[in-house]
Structures are given as structure tokens and as C-alpha cells.
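Data block below; observations after.
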Amino acid sequence: MDRATCELYLNASYNELTSLDITNIVMSGPFCERDFSHNQMTELTNVLNQVLDPDINYGPGIVNMSDNPFQRWPDFRKLGVQNLAMLGTLFDFGFDFRGANFSCDCEMEPFLELAKEVIKKIWLDYFDVRCARPPNLKGELIIDLVKKNKLDLFVCTIDAENGCPVNCKCTEQPSKSRFIVDCQGKGLRELPQNLPNTSFAYELDVRDNEISVLENRNYLGQITVLKASNNSLQRLDDEAITTLLTTANVTLANNTDLIYYFPKTIQYFNSHSIDLQNVVLFCDCDTLWLSDWLDVRQIGSDSIFCQTQNHGRVRAINLKVSLLNECETLSFTSAIVSIFLASAIICFGVPSLLIYNFKYELSILFRRNDTSICEYQYDIYISSDEGNDQLRVWIQQVLMPYLQTFEYRMYVPMRDCLPGNIAEEECKNILQKTRCFLVILSKSYLCQEGRPRTEMEWKYAWDLYLNDKHRKIVMINFDHLSAKLVRPRQIKAFLRVGKVIDFGNRDGMHLYKVQKAVGSEKKKSKDLRNRRPIFSIRILNFRNQVDFQRQISMT
């Protein structure tokens with residue numbers, strides 16, 4: 001479209017503008033040209049912190065900013081472009097920056113990286129922008145540098161004011177995603193305390209210094225290359241080596257001073273990740289692993305040396321043979337110490353472990369009930385899965401009538417719990433007044449979905465049982481459960497030590513055994529003691545829980 005007939009044209013050229021806001025450049029929809037050439041602009045701003053919408057089409061059109069003394073390439077992220085990769089989809093128009101004094105550095109490189117394929121295929125006259133700095137690139141056409149794949153030259157130098165260690169040279173190189181810290185030959189006695197903040201990986205060069213200890217630093221986890229050869233290393237920090245071994249290539253060559261501490265964690269380095277040429281280590285019986293590691297990893301073993309007490313300097317690969325005699329005495333002493341420690345563990349550790357693992361079993365086996373008379377309101381509290389129909393019929397028609405023959409005062413929740421009472425308060429209150437807690441153990445006990453009452457009953461009953469020697473717990477194994485099928489540790493303990501009454505026993509005496517286990521703390525009258533229970537003795541002949549309904553019908 002001809003400029004004279006274009007309605008969307010703005011001419012602000014040949015003025016004295018020193019800056020330009022992004023809102024004056026970017027607009028939705030097409031336009032012809034916005035001309036801001038021949039001004040004094042040095043920066044683009046975003047005063048309103050505008051964020052560009054990726055769903056809106058901006059342009060097409062031309063923004064002419066030629067012949068302005070721009071010094072730095074615009075940071076489009078500060079100009080509202082959240083993701084630099086979206087720049088091409090947001091702007092469907094061109095920028096003319098010819099005549100600017102741009103520094104061809106790391107700030108420009110990410111943009112050129114995204115645009116290089118377009119630049120190689122398409123040429124437009126406003127692409128002819130030249131570098132004003134640094135000196136090695138001054139006057140070079142940026143488009144030519146891109147076509148020749150020279151983006152490695154677009155770097156930034158960080159000075160000491162921005163965190164670069166004193167006397168060192170710091171260079172950020174986005175094309176290789178690295179931050180180079182060159183401290184070679186600067187008289188350092190330790191690693192730099194801190195490095196400039198960056199999102200790239202560090203490459204630290206501290207060769208030819210006087211560093212004696214390779215200490216841990218907070219930036220070591222971000223290092224991919226550490227060059228520390230030709231120093232005075234005497235100690236390698238364990239944490240430092242552990243941090244470096246996962247990400248870094250480490251060069252420690254030509255450290256000819258004696259390294260007294262060489263951490264065992266260094267053996268986890270790959271052979272291509274560490275250089276130990278011409279290194280001298282202090283070796284004793286604690287470093288016998290070194291020769292095997294060098295042999296397996298094939299890490300230049302001919303030029304790695306060990307300084308020993310009685311054999312002088314030897315090749316580290318021969319460490320086993322050279323120190324064999326020295327380690328015999330130490331090995332004998334170590335064996336004696338090991339035997340002593342093992343005996344101590346067996347004598348004290350094993351019993352302690354057994355006591356800890358079987359504390360419930362031991363408390364049940366060695367429990368001695370107090371036989372003194374102690375009055376309780378109830379003799380028996382019967383706890384069971386009330387949702388089990390078969391079990392409920394057996395309790396109501398067999399177990400309770402039998403126990404009533406002995407005049408036990410029983411509390412049975414399904415019979416005695418009043419509607420509307422708070423279950424936990426009532427359970428706690430009744431159990432405190434009860435001498436014997438009778439558990440009918442079935443598969444669904446303590447694992448009833450939506451019916452947590454039995455779990456609550458067991459918790460209170462076990463606490464009372466532990467703290468009062470008058471209390472008893474009697475358990476009937478209604479479903480023939482084994483200990484491995486039961487989760488609660490205390491119930492598992494009862495099953496393991498055999499302190500349960502098997503409902504399916506073959507002697508037909510399980511009801512009699514229940515009564516004997518419950519016992520009585522009250523003295524019965526002579527007539528009551530000699531009186532035969534009115535409950536039919538044929539009930540005692542049950543063979544298993546499947547037959548009990550048939551036995552009831554015969555009584």
C-alpha cells in the first residue's frame with residue numbers, strides 16, 4: 001500500500017525522543033508504518049507493565065527505529081513477551097534497527113538463535129545491522145555472523161561488581177548454555193566462595209593456583225567442568241566430591257603435593273569424568289580399595305602414585321602388594337575388635353531386639369493376675385462383630401444362656417446399649433466397671449467398614465488389661481484365624497502364644513473352657529458350686545461352628 005494513501009501511518013521521525021514505550025509500537029491488527037527514525041532513543045520501555053496476549057494478532061506492519069543510538073539489544077521479556085519462543089507468533093511485522101550502536105553480546109544471542117533459520121532463508125534490507133561492540137566484532141554484519149554459525153562469539157563479560165571473583169574473568173555464553181569462570185594462575189588458596197547467579201552451568205578453571213583443600217561450595221552442584229590441576233591439594237572434602245560426581249568432569253592432574261585425604265566416594269566417578277594423572281596420594285590400609293578401582297575403571301594407573309609409610313612411593317595399582325605386611329597386624333587387631341563387637345551385639349542387641357519385637361507376647365506369657373477379691377459391676381463384657389448374623393445367633397442362643405447358668409453379670413452391646421448414647425463414652429464407662437473382656441474373634445473383627453466400635457472397645461480393654469492385674473481378656477477364635485491374618489499386634493500376640501479358645505476344637509469343651517478362663521472373683525454358695533448347669537450338656541459336644549444350629553434344635 002502506498003504511504004500517501006495509507007490511513008494507519010505514524011511519522012515521528014527527526015525529533016528528540018530518548019525512549020519509546022512498547023504501547024506506541026505494538027498494536028493489534030495491520031498498519032502500514034510507524035516511523036521513529038532519526039531520534040535520540042537509547043531504550044524501549046514498558047511503563048504500564050503490559051503483557052502481550054498470544055491470542056491476539058499484532059500487525060502486520062513496519063516499525064522504523066533506524067538511526068537511533070541504541071546501545072543494548074531490547075529485552076523483549078521486559079517488554080511484555082513472557083516466552084521468547086512466542087516472539088515470532090506475536091509480531092507479524094519487522095523492526096528496522098539500522099544505524100544503532102548495538103553490543104553483540106549474550107543478550108542478543110537468544111533472539112538470534114530463534115531467528116537464525118529465517119535469517120538464513122530470507123534477506124530484507126533492514127536486517128543489515130552491524131555490531132558496534134565488542135572490539136573483535138565491531139563493524140560485522142549481524143546477519144553474516146548468524147549465517148556463519150558464529151553465535152558462540154555473542155557473550156557477556158561479568159565484572160567483580162556483579163559477583164565475579166576478584167582477579168577472575170567471568171563469561172556468559174548462551175549458545176553453549178555455560179558460564180565460564182576463569183581463575184587460572186591468580187594465586188588462589190581456596191575455591192571462590194561464591195559465583196555470579198546464572199541459569200547456566202558453571203565451568204570453573206582454577207588451574208595453576210595454591211589451593212590446598214577442595215572444599216564444598218554451594219555452587220558445586222551447578223558445575224559441569226572443574227579444572228583444578230597444578231595446585232597444592234592435600235585434602236579432598238567428602239561432600240564436595242559427592243556433589244561433583246553426578247554432574248562434573250573433574251581434572252586434578254599434576255597435584256604433586258601429598259594428598260592426605262582421598263575420599264572413597266571418588267570411586268563412583270566414571271573413568272572419563274576424572275583426571276588424576278601425576279597425583280600423589282597418602283595410602284594406608286584404609287585405601288586398599290584404590291588399586292581395585294583403578295584396575296576396573298582403567299584410570300591412567302601408571303601415573304597415579306601412593307606414598308606409604310614403610311615402602312615409600314609406589315604405583316597405586318600395586319597398593320595391595322606393597323602394604324600387605326603392614327596391614328596384617330592391623331587386620332588381626334581389627335578382627336579382635338570385630339569379634340568383640342559382634343559378641344556384644346549378640347549378648348545385648350539380640351535380646352533387646354527380641355524383647356522389642358515380642359513385647360506383647362512376653363507380657364501375656366508372664367502375666368500374673370491378682371487373685372485378691374475386687375468388686376466390679378460387670379463380670380463380662382462381650383465384644384464381637386454384631387453385623388455377623390451367624391455369630392450373633394450363636395452368642396444369643398448358645399453362649400449367653402450358658403454363661404447365665406453361672407450367674408455372671410454380662411454387658412452385651414447389642415442387647416444393653418441404649419439408643420442415643422454416645423458409643424465411646426458408654427464403652428469407656430462400662431469397661432472401667434468390668435472384670436473380664438470376652439472377645440469373639442472373627443474375620444471381620446476390627447475391620448468392619450462403618451462400624452468402628454470393636455476397635456474402640458479393644459483399645460480401652462487393652463489399656464485396662466495392662467494397668468490392672470485384676471482384669472482378664474478371654475479370646476474365642478470363632479473363625480480359626482492364624483496370627484498372620486490378624487493386623488493388631490496385641491491380638492496377634494494372643495494367637496501366637498496360644499492364649500485363645502479354638503471354637504472348632506474336637507473335644508467339644510470350648511464353652512467349658514470359656515467359663516474356666518473367665519473364672520470368678522466372688523465366692524459362690526455351696527449349693528451354687530455343686531449345682532449342675534441347666535444348660536443342656538449336649539451343647540458341649542459341638543464339633544465346629546457349622547453344626548451349632550443343628551445342635552441347638554436338638555436341645
Side-chain angles (χ1 to χ4, degrees), residues 356-367 369-370 374 376-392 394-396 399-400 403 408-418 421-503 510 513-515 517-519 545:
Y356 176 78
N357 287 330
F358 297 100
K359 57 184 177 181
Y360 297 122
E361 286 84 350
L362 293 173
S363 65
I364 295 170
L365 279 174
F366 294 102
R367 181 181 177 87
N369 284 82
D370 192 337
C374 187
Y376 292 93
Q377 184 175 340
Y378 296 98
D379 294 306
I380 304 173
Y381 184 110
I382 299 179
S383 176
S384 65
D385 173 16
E386 298 175 5
N388 187 324
D389 294 335
Q390 186 184 40
L391 179 57
R392 187 173 62 251
W394 180 78
I395 292 172
Q396 292 175 336
L399 180 63
M400 289 173 57
L403 295 177
Y408 287 125
R409 292 162 296 183
M410 292 181 288
Y411 183 89
V412 186
M414 60 183 169
R415 179 193 69 182
D416 301 324
C417 183
L418 297 176
N421 285 2
I422 299 175
E424 184 170 1
E425 291 184 1
E426 181 178 13
C427 171
K428 186 176 181 179
N429 182 47
I430 296 298
L431 282 171
Q432 287 177 340
K433 303 174 183 178
T434 304
R435 177 174 59 85
C436 180
F437 185 69
L438 178 58
V439 181
I440 316 298
L441 186 61
S442 60
K443 292 179 180 178
S444 55
Y445 192 82
L446 293 181
C447 61
Q448 306 165 66
E449 185 176 349
R451 295 193 298 276
R453 184 183 182 99
T454 53
E455 185 174 359
M456 176 180 59
E457 291 172 342
W458 174 258
K459 176 181 177 295
Y460 287 127
W462 176 258
D463 289 342
L464 292 169
Y465 175 77
L466 284 182
N467 298 313
D468 187 351
K469 297 298 183 182
H470 291 92
R471 311 274 183 172
K472 289 186 176 182
I473 292 180
V474 177
M475 192 172 297
I476 301 175
N477 192 358
F478 187 81
D479 278 344
H480 319 290
L481 300 178
S482 63
K484 66 181 180 179
L485 298 177
V486 178
R487 179 173 297 178
R489 289 279 308 278
Q490 301 95 331
I491 296 179
K492 188 187 292 286
F494 272 95
L495 293 169
R496 281 176 172 170
V497 301
K499 293 291 185 178
V500 295
I501 298 169
D502 188 0
F503 182 79
H510 49 280
K513 290 180 179 180
V514 171
Q515 187 273 324
V518 171
Q545 61 195 37

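Just so it is clear, the structure is predicted and the values come from calculations on it, not from any experiment.
- Sparse packing is recorded around NZ of Lys428, with 12 or fewer heavy atoms of other residues, nucleotides or ligands lying under 6.0 Å away.
- Listed here is the closest heavy atom pair of Ser442 and Leu481: O-CD1, 3.5 Å.
- Remark: the backbone N or O of Val518 is paired with a side-chain donor or acceptor of Arg435 at under 3.5 angstrom.
- Side-chain contact check for His470 versus Asn369: every heavy-atom pair is 4.5 Å or farther apart.
- Nearest heavy-atom pair across Cys427 and Met456 is CB-CE, 4.1 Å.
- For the residue pair Tyr411 and Gln377, no side-chain donor N or O sits within less than 3.5 Å of a side-chain acceptor on the partner.
- Asp502 CG to Phe478 CZ: the interatomic distance, rounded to the nearest 0.5 Å, is 11.5 Å.
- One side chain, Tyr460 or Glu424, offers a donor N or O that lies under 3.5 Å from an acceptor on the other.
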Checklist entry - Met475 and Ile501: side chain to side chain contact (heavy atoms under 4.5 Å, CB included), yes or no, with the steps? => result CA-CA 6 Å; Met475 192 172 297; Ile501 298 169; over 6 Å; no

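- Nearest heavy atoms, Gln396 versus Met400: CA-SD, 4.1 Å.
- Atom CG of residue Asn477 and atom CD1 of residue Ile440 lie 10.5 Å apart, to the nearest 0.5 angstrom.
- Counting heavy atoms from C-beta on, the side chains of Tyr376 and Cys436 never come closer than 4.5 Å.
- Between Leu464 and Thr434 there is no side-chain heavy-atom pair separated by less than 4.5 Å.
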Item to check | side chain to side chain donor-acceptor pair (under 3.5 Å) assessment of Gln515 paired with Tyr408 | outcome: CA-CA 10 Å; Gln515 187 273 324; Tyr408 287 125; 3.2 Å; yes

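- For Trp462 and Phe437, the gap between ring centers reaches or exceeds 6.0 Å.
- Using a 4.5 Å cut-off on side-chain heavy atoms (C-beta onward), Ile382 and Met414 make no contact.
- The SG atom of Cys417 sits 4.0 Å away from atom CD of Glu426, with the distance rounded to the nearest 0.5 Å.
- Arg367 forms a cation-pi arrangement with Tyr465, by the criterion of a distance under 6.0 Å to the ring centre and an angle within 45° of the ring axis.
- The CD1 atom of Ile473 sits 10.5 Å away from atom CG of Leu438, with the distance rounded to the nearest 0.5 Å.
- A 4.5 Å side-chain heavy-atom check between Val439 and Ile476 finds every atom pair outside the cut-off.
- The line from CG of Asn429 to NZ of Lys433 is 4.0 Å long, rounded to the nearest 0.5 Å.
- Side-chain contact between Met410 and Leu403: present, with at least one pair of heavy atoms (C-beta onward) separated by less than 4.5 Å.
- In this structure, the side chains of Ile380 and Arg409 stay at 4.5 Å or more apart for every pair of heavy atoms.
- To the nearest 0.5 Å, atom CG of residue Leu466 and atom CZ of residue Arg471 are 12.0 Å apart.
- Pro413 has its side chain within reach of Glu386: a pair of non-hydrogen atoms, C-beta onward, lies under 4.5 Å apart.
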